[in-house]
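Below you'll find the structure, written out as structure tokens, and then a few comments.
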Amino acid sequence: MNDPYDSGYDGDQQYELVGYDDFGRPVYQPAASPQQQYQQQQQAQQPEQQSYDPYAQQTPQTQGYEGYGYDPYATGQQQPVPSYDPYGAGNPATGYDPYGQAASSGQQPLVAEQAPPAVPTARAAQAGQTAYVPQQGGPVGGDVPQAQESPQDSGERDYSTQQFAFVEEPTGDSEDVIDWLNFTENRTERREEAKRRARGRVIALVVVLALVAVGGTGYLWYAGKLPGTSSADAKTGGATTAGAQKRDVVVVHLHNTKKGGTSTVLLVDNATTKQGTTVLLPNTLALTDDDGSTTTLAKSVDDDGSSGTRDALDTVLGTDIEGTWRLDTPYLQNLVELVGNIDIDTNADVPDPDARKKGTVPLVKKGEAQTLSGKMAVAYATYLASGEAQDAQLERFGQVMQGVLRKLSSDTRAATITVQTLAQILDPSLTDKDLGSFLARLADLAKGGDYKTALLPVQGDGTLSAQASSSVVKTVLGGAAKSPDKGAAVRVSVQNASGDKGDTDKARIVLLNGGFTFLEAGTADTARATSQVSYADAADKQNATEAAKTLGLPTSSVRKGTVSSNADVSVILGQDYKPAT
């Protein structure tokens with residue numbers, strides 16, 4: 001028998017599947033001819049030769065799909081029925097193709113995957129045919145091993161080898177390959193994920209460092225500690241002028257309700273330099289009344305009240321005071337109690353003002369870091385020892401105010417509640433909320449060490465000295481002569497150097513009658529022969545000329561020079577001054 005894949009293979013020869021070998025490969029043998037099938041059926045019908053086969057066809061009616069059997073449409077005779085081939089291989093006996101194709105010798109072999117699961121072996125054993133495995137290249141030398149019989153042999157269809165193609169099944173190594181590919185893929189994904197996480201951490205670190213750098217620079221700029229900024233320049237004497245800085249100023253008048261008298265200070269919040277200052281104003285400071293007459297700070301507080309005094313201070317100092325805070329001694333005592341006492345360095349022993357006997361234990365002891373209650377703070381702030389100048393008492397009041405600011409809350413809302421709790425009547429120009437917000441800002445500066453106290457230097461006659469103009473008025477208050485409001489009178493400061501003290505009053509009357517604002521600049525220690533009229537701004541040259549004509553001085557005495565910070569024109573009266581009668 002020849003191999004169906006050999007070049008000498010006869011295409012008309014039919015093969016049928018008879019079983020599988022030990023390796024699961026199909027085994028085929030030559031199919032029986034129609035005559036042989038008919039003889040086999042006749043022999044199977046004889047009773048003496050019939051044996052029980054559970055897989056065989058029991059009646060002719062069940063053999064309709066085999067080569068021959070019962071035809072239900074015949075005349076009662078048994079006719080040979082063509083074998084039905086459901087896979088379209090065709091029957092070589094009839095040439096019938098269920099898919100409309102005629103049978104021929106050139107039929108394609110049926111693929112092995114299309115083989116039915118049943119294994120016919122009985123008919124092959126009856127025919128005495130020899131089975132072989134197609135993959136083994138057929139029998140050699142005509143020796144073909146006999147196939148094992150199967151009980152399903154008699155009931156299965158016939159198949160030819162042309163209808164099959166054989167595909168090798170995958171071996172067990174494929175699972176190992178898949179596992180290796182999965183492992184490699186997972187490891188690659190883990191590496192990529194690790195790289196992505198590393199890149200994310202680097203990016204996040206860079207962003208954090210950038211934010212820290214920007215935030216630090218912003219803080220230094222906001223705090224005025226960055227070189228080249230306006231606030232740093234202002235603190236170090238840089239390009240930003242004192243007059244261009246932003247300040248908030250509030251005047252405080254302390255009224256002693258028991259002994260009488262007042263003490264006045266200016267609370268200054270410099271928003272540009274982040275510096276707070278208490279400016280002490282002596283009661284002897286010379287001011288100008290609304291009618292142009294000269295008065296002192298103490299008299300102005302008693303006579304003109306808060307509004308008139310505030311305007312007079314603005315005129316003399318060149319400031320812009322926002323409001324007045326009248327603080328009577330009982331309210332100061334309550335304020336200290338509200339903040340929880342204060343700690344200051346005292347410079348004197350203060351007796352108890354309510355003590356009946358003198359020489360008792362002092363109410364306030366001299367020393368560092370003394371804790372003062374409300375009553376003690378009031379006693380210390382108003383104390384003036386025998387023989388001391390009024391400036392000594394003013395300095396003690398400044399110490400108490402700074403101690404209160406260090407204990408006051410830096411929160412605007414909390415500071416406002418403290419002010420409201422005092423239940424004092426404030427000046428209409430200053431509300432509870434405005435005062436609370438202002439004090440909260442100063443409290444923050446005082447706690448941070450950015451707070452100081454400065455005394456305004458005043459000469460014996462109450463006028464400001466050159467030192468005052470440079471150290472306090474200009475630097476702290478920014479009091480470089482401000483431009484007068486439109487229609488406001490020109491401010492003329494007069495210093496008497498003629499040797500006659502009465503010339504000052506005569507010059508004041510003449511200037512006031514001429515529509516000028518008179519500012520007394522004191523008396524010079526030595527007399528001078530000629531008078532001098534000075535102006536600092538070219539816009540004030542005409543005003544200086546008019547002031548000279550009003551005083552009866554020649555226009556040749558007018559020149560550009562140094563002018564006090566609170567005046568537009570400065571006049572020095574010499575011996576050539578002849579006041580008009």
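The shortest side-chain heavy-atom distance between Val490 and Thr517 does not fall under the 4.5 Å cut-off. Two residues are said to be in side-chain contact when any heavy atoms from C-beta on lie closer than 4.5 Å; Glu322 and Asp248 meet this criterion. Within the 4.5 Å cutoff, no side-chain heavy atoms of Leu287 are placed close to those of Thr296. By the 4.5 Å heavy-atom criterion applied to side chains, Asn347 and Arg396 are counted as neighbours. Ile344 is listed as a side-chain neighbour of Thr346, based on a closest heavy-atom distance under 4.5 Å. Looking at Val458 and Pro282, their side chains come closer than 4.5 Å, going by heavy atoms from C-beta outward. Inter-residue side-chain proximity for Val494 and Val492 is flagged as met; some heavy-atom pair is nearer than 4.5 Å. In this structure, the side chains of Thr277 and Thr453 stay at 4.5 Å or more apart for every pair of heavy atoms.
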Quiz prompt | Residue pair Trp325, Leu254: steps toward the side-chain contact (heavy atoms from CB on, under 4.5 Å) verdict | solution = CA-CA 9 Å; Trp325 183 17; Leu254 175 65; over 6 Å; no
Practice problem: Take Leu405 and Val339, measure what side-chain contact (heavy atoms from CB on, under 4.5 Å) needs, and give me the verdict at the end. | Solution: CA-CA 9 Å; Leu405 292 174; Val339 299; over 6 Å; no
Quiz item: What's the verdict on side chain to side chain donor-acceptor pair (under 3.5 Å) for Ser373 and Asn341, showing C-alpha distance, side-chain angles and the deciding distance?
Solution: CA-CA 5 Å; Ser373 63; Asn341 298 336; 5.2 Å; no
Quiz prompt | Steps toward side-chain contact (heavy atoms from CB on, under 4.5 Å) verdict (Gln245, Thr273) | solution = CA-CA 8 Å; Gln245 300 170 9; Thr273 61; 3.7 Å; yes
Exercise. List the steps and the verdict of side chain to side chain donor-acceptor pair (under 3.5 Å) for Gln393 and Ser263.
Key: CA-CA 9 Å; Gln393 177 268 322; Ser263 303; 2.9 Å; yes
Self-check item: Gln275 and Tyr451: CA distance, side-chain angles, deciding distance, side chain to side chain donor-acceptor pair (under 3.5 Å) verdict
Solution: CA-CA 6 Å; Gln275 179 70 46; Tyr451 200 93; over 6 Å; no
Exercise. Run the numbers on Leu422 and Leu335 for side-chain contact (heavy atoms from CB on, under 4.5 Å), then give the verdict.
Key: CA-CA 7 Å; Leu422 289 176; Leu335 179 60; 4.0 Å; yes
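The pair Lys578-Asp576 does not count as a salt bridge, with every side-chain nitrogen at least 4.0 angstrom from each carboxylate oxygen. Taking a cutoff of 4.0 Å between a charged side-chain nitrogen and a carboxylate oxygen, Lys375 and Asp354 qualify as a salt bridge. Salt-bridge formation is not detected for the pair Asp349/Lys366: no Lys NZ or Arg NE/NH1/NH2 atom is positioned less than 4.0 Å from an Asp or Glu carboxylate oxygen. A salt bridge is defined here as a Lys NZ or Arg NE, NH1 or NH2 lying under 4.0 Å from an Asp or Glu carboxylate O, and Asp450 with Lys452 fails to meet this definition. Lys560 and Asp537 are not joined by a salt bridge, as no carboxylate oxygen comes within less than 4.0 angstrom of a charged side-chain nitrogen.
To the nearest 0.5 Å, the span separating CG on Leu285 from OG1 on Thr309 amounts to 10.5 Å. Rounding to the nearest 0.5 Å places OH of Tyr380 at 8.0 Å from CG of Leu372. The CG atom of Leu280 lies 4.5 Å from the CG atom of Leu394; values are rounded to the nearest 0.5 Å. Distance OG1/Thr382 to CZ/Phe397: 10.5 Å, rounded to 0.5 Å. Rounded to the nearest 0.5 Å, atoms NZ (Lys506) and NZ (Lys501) are 14.5 Å apart. Taking CD of Gln575 as the reference point, atom OG1 of Thr530 lies at 9.5 Å (rounded to 0.5 Å).
Side-chain contact check for Ser300 and Thr295: no donor-acceptor pair (N or O, by modelled atom type) lies under 3.5 Å. No hydrogens or angles considered: a donor-acceptor pair under 3.5 Å links the side chains of Asp343 and Thr371. Between His253 and Thr264, the side chains place a donor N or O and an acceptor N or O closer than 3.5 Å (distance only, hydrogens not considered). Side-chain N/O atoms of Arg310 and Ser306 include no donor and acceptor closer than 3.5 Å. Using modelled atom types, one finds a donor on one side chain and an acceptor on the other under 3.5 Å when comparing Asp427 with Ser429. Between the side chains of Thr319 and Asp314, at least one donor N or O sits under 3.5 Å from an acceptor N or O. Defined by atom type and a distance below 3.5 Å, a donor-acceptor pair is missing between the side-chain atoms of Asp432 and Thr416. In this structure, a donor-acceptor pair under 3.5 Å is absent between the side chains of Asp500 and Ser498. Between Ser570 and Tyr535, the side chains place no donor N or O within less than 3.5 Å of an acceptor N or O (distance only, hydrogens not considered).
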List the atom pairs, donor and acceptor, that lie under 3.5 Å between side-chain atoms in residues 544-556 and the rest of the protein, sequence neighbours left out.
residue : atom : partner : partner atom : Å
Thr545  : OG1  : Lys541  : O            : 3.0
Glu546  : OE2  : Gln542  : NE2          : 3.2
Thr550  : OG1  : Glu546  : O            : 2.8

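Using a distance-only test at 3.5 Å, with no hydrogens or angles considered, a donor-acceptor pair links the side chain of Asn283 to the main chain of Thr262. Proximity of a side-chain donor or acceptor of Asn496 to a complementary backbone N or O of Thr523 within less than 3.5 Å is not detected. Looking only at distances, no side-chain donor or acceptor of Ser534 sits under 3.5 Å from a matching main-chain atom of Gly561. Put simply, the side chain of Ser437 never gets that close to the backbone of Lys433: no donor and acceptor are under 3.5 Å apart. Panel note: side chain Asp328, backbone Tyr331; no donor-acceptor pair is recorded below 3.5 Å. Remark: side-chain polar atoms of Lys407 are paired, donor with acceptor, to backbone N or O of Gly340 under 3.5 angstrom. Counting only distance, with no hydrogens or angles, the side chain of Lys274 and the backbone of Asp269 share no donor-acceptor pair below 3.5 Å. Between the side chain of Asn256 and the backbone N or O of Lys259 there is at least one donor-acceptor pair closer than 3.5 Å. Remark: side-chain polar atoms of Arg247 are not paired, donor with acceptor, to backbone N or O of Asp320 under 3.5 angstrom. In this structure, Asp568 contributes its side chain and Arg491 its backbone to a donor-acceptor pair below 3.5 Å.
Pro353 and Leu363 make their closest contact through CD-CD2, 4.2 Å (heavy atoms, listed as atom of the first residue, atom of the second, distance). Contact detail for Leu445 and Gly276: the closest heavy-atom pair is CD1-N, 3.6 Å. Across every non-hydrogen atom of Leu327 and Val252, the tightest pair is CB-CG1, 4.3 Å. Across Ser493 and Ala521, no two heavy atoms sit closer than the pair CB-CB, 4.3 Å. The two residues Glu388 and Ala392 have their closest heavy-atom pair at OE1-CB, 3.8 Å. Considering every non-hydrogen atom in both Pro351 and Tyr383, the closest pair reads CD-CE1, 3.7 Å.
Summarising the local packing, CZ of Arg197 is surrounded by 12 or fewer heavy atoms from other residues, nucleotides or ligands at distances under 6.0 Å. Other residues, nucleotides and ligands place more than 12 heavy atoms under 6.0 Å from the CG atom of Leu205.
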